[in-house]
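The block underneath contains the structure these notes are about, expressed in structure tokens.
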Amino acid sequence: MSSRGEKILSLLKEKISRQQWESWFIDFTVKSVIENHVIFEVGNMFIKGYIEKKFDKIIRKVLYEVLGPNSTYEIVYAQVQKDEVCNNDNGALVRKRPVLITPVSSRYTFGNFVVEEFNQLAYTILLESAKKLGIFNPIFIYSKAGMGKTHLVQAFGNYLLENDPDIRFAYLTSEAFMNELIAKLKAGTVEEFREKYRKKVDVLVIDDIQFLAGKKGVQIELFHTFNTLYEAGKQIIVCSDRSPKELKDFQDRVISRFQMGVVVEIKNPSVEAMYRIAKKIVEDEKADISDDILNYVAKHFKGSIRILKGAIIKLIAYKSMYKDLDVATARLILKDFLTEEEENHEQNDIMSIVARYFKLSKEDLLSNKKGKNIVVARHLAMYILSTKFQMSSRKIATLLKKSHPTVLNGIKATENRLENDPEIRQILKLIEDNLAQMVGKALS
């Protein structure tokens, strides 16, 4: 920009309030100064029309001060055509390649996304929008974490890039958006940031928008970026772990932008849907896991597809090393994935089964009674929780309301009994069979 252009912008900024400048002049630049004629450039036609209507007198006054009484001006808005062509060294026409805004993972596609009732609407909206950009705009998708939002929006990007290689698609998390903005502000190059996300993209996807709660400065930048893209007809997609009205510490004007288009929820999946997703993961990994195990996983990990996939991958890894894998083993392998509620339920099942084989109540095992039968049963429960379910001795002590040394002694005592007492070995075998049958009934 020439010195005259810089002086014009500086004087304009002095004569326009800070609020108006940040609202309407954030993308306002001097494209060229030819003698006493100035060409200004803005982000879109809407801003161009507003500035011409509201600020014409101020602009003319500034130009008079800098260029004299015969100065004139015009405002143009950036029009970037995807089908621009240029000449190469041989004179042939070749298509310009777009700037790569952000990378997209090729593993996310619409083809490998498992569509069920709980995510059907979100899938349909994104697929239709990918086929015809702008048919739904903006799109706001929300769900609990790990329900497939990232897969869907990156599949959207891959579909666009496959069908139109020149599309300029940007996917980034709200944290990445914020960090890049802060870095540019510190470096004094914030205009590069605005150029990148307001003029060089055709589609902008921002994930995990909820993390911008309370970040007023970043929200202001997002607001203006949103407005510029929307007025230019560019596609905007926002993902969150909650609906727009549930977002706390967000400016009302930002929330209103999120609600301008389509707001769609990915709901909680059914057990049947989780089973089919688990089955698809196994097929994609070219592995072999029995339906009984997949049913067990689907019933216990229905809260998150991401956690479900982690559980399946862990089982596949185990089977590749040890070959044999049954439901009981799967339970043990995946114990760290269980919620506290599910884990407590399984622990209580063990206590009840052990108590029943000794003709006692679960309360007897949790009591301070010292009868031989009660002590043996209590020690056996400690042993099972330690060896079969890999529970720490300290956690067993908390569960049974006993001291840590008492648990260690109880486990040791049971190990000795199993070496010398066939009856205890038989009871342990019956309890293990009972637990396996209980799993089978739960899955039927």
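- Defined by atom type and a distance below 3.5 Å, a donor-acceptor pair is present between the side-chain atoms of Asp207 and Thr150.
- Taking the ring axis of Phe223 as reference, the NZ or CZ atom of Arg257 does not stay both within 45° of it and closer than 6.0 Å to the ring centre.
- Of the N and O atoms on the side chains of Thr124 and Gln120, at least one donor lies less than 3.5 Å from an acceptor on the other residue.
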Inset, instruction - Apply ring-ring contact (aromatic ring centres under 6.0 Å, His included) to the pair Phe110 and Phe156, showing each step before the final yes or no. - result: CA-CA 7 Å; Phe110 285 126; Phe156 179 92; 7.1 Å; no
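- A donor and an acceptor atom, one from each side chain of Asn112 and His151, are located under 3.5 Å apart.
- The neighbour count for Glu415 CD, taken as heavy atoms of other residues, nucleotides or ligands under 6.0 Å away, is above 12.
- Within a 6.0 Å radius of CG in Asn163, other residues, nucleotides and ligands contribute more than 12 heavy atoms.
- Summarising the local packing, CD of Glu283 is surrounded by more than 12 heavy atoms from other residues, nucleotides or ligands at distances under 6.0 Å.
- In this structure, the side-chain hydrogen bond (donor to acceptor under 3.5 Å, both in side chains) partners of Glu116, at least two apart in sequence or on a different chain, are Arg276.
- With hydrogens and angles left out, the side-chain atoms of Ser256 and Gln259 include no donor and acceptor closer than 3.5 Å.
- By the 30° and 60° cut-offs, the orientation of the rings of Tyr142 relative to Phe140 is tilted.
- Around atom CZ of Arg356, more than 12 heavy atoms belonging to other residues, nucleotides or ligands sit under 6.0 Å away.
- In this model, no donor atom of one side chain and acceptor atom of the other lie less than 3.5 Å apart for Ser367 and Asp364.
- A side-chain N or O of Gln235 and one of Ser129 form a donor-acceptor pair less than 3.5 Å apart.
- For Asp208 against Ser174, the heavy-atom pair with the smallest separation is O-OG, 2.6 Å.
- Donor-acceptor pairing under 3.5 Å is lacking for the side chains of Lys362 and Ser352.
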